[in-house]
Structures are given as C-alpha cells and as structure tokens.
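Contents: one structure, followed by commentary.
Nothing fancy with the numbering, it's 1 onward along the sequence.
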Amino acid sequence: MGKRRLILTLLEHLSIEKDDIRTDYLDYCLSKINSTEPYAIRALCLKQAYAMCRFYPELLAELKNEVELMQYGELSPGLLSVIRHMRKKI
C-alpha cells in the first residue's frame with residue numbers, strides 16, 4: 001500500500017492537459033474512490049480523477065455521482081475534506 005500511495009502522490013504532481021487523459025487510469029481512479037482501499041488511496045484517486053475529468057462536463061457528472069455515493073460509506077476527516085474541496089470545484 002505504501003508504494004501505491006507514493007506512486008499516486010507522484011502522479012498527482014504531474015500536470016494533466018486536456019489531451020493527456022488516459023482512460024484506463026481514469027477507470028482505475030474511479031473504481032478506487034468507492035472501494036475498501038485505505039483513505040489515502042481513495043483521496044488521491046479522487047484528486048486524480050478530478051484532474052482528468054475537469055475538461056469534460058459528462059465526466060464531471062460521473063465523478064459527481066461517485067462522490068455522492070461516498071456519503072453512504074465510512075469516511076475519515078481527511079477524506080471528508082477532499083470531498084468538500086471537490087464539490088466546490090465541481
């Protein structure tokens with residue numbers, strides 16, 4: 001889990017342009033948002049998913065649905081903070 005968190009943190013610092021979206025990585029991030037992964041992985045995947053979806057309204061709507069589904073699970077204060085910031089951006 002430490003390696004995965006480190007890799008996601010490194011990927012978070014890369015700038016994502018409109019033409020740089022990898023659909024397989026987006027699917028990975030969206031699948032991990034509402035999983036049983038540790039909170040840090042879920043938060044990083046949420047940030048990365050937003051970074052890729054922000055250029056496309058239809059993808060933002062899908063991300064918003066995923067964020068809404070998160071309310072029904074157990075959330076840490078850190079994850080709640082990330083969700084709050086994502087809602088402001090969306």
Test side-chain contact (heavy atoms from CB on, under 4.5 Å) on Leu44 and Val82; report intermediate values, then the result. CA-CA 9 Å; Leu44 289 167; Val82 171; over 6 Å; no

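- Atom CD1 of Ile41 sits about 12.5 Å away from atom CD1 of Ile33, to the nearest 0.5 Å.
- Of all heavy-atom pairs spanning Ser35 and Glu37, the tightest one is OG-CG, 3.0 Å.
- With rounding to the nearest 0.5 angstrom, the CE atom of Met70 is 5.5 Å from the CG atom of Leu46.
- Taken to the nearest 0.5 Å, the SG atom of Cys45 stands 11.5 Å off from the CD atom of Glu66.
- A heavy-atom distance below 4.5 Å is not found between the side chains of Arg87 and Lys64.
- Nearest heavy atoms, Leu60 versus Cys53: CG-O, 3.4 Å.
- Within a 6.0 Å sphere centred on CZ of Arg22, other residues, nucleotides and ligands contribute 12 heavy atoms or fewer.
- Within the model, atoms CZ of Arg42 and OG1 of Thr36 stand 8.5 Å from one another, a figure rounded to the nearest 0.5 Å.
- Taken to the nearest 0.5 Å, the CG atom of Leu26 stands 4.5 Å off from the CG atom of Leu30.
- Rounding to the nearest 0.5 Å gives a distance of 12.5 Å between CG of Leu59 and OH of Tyr50.
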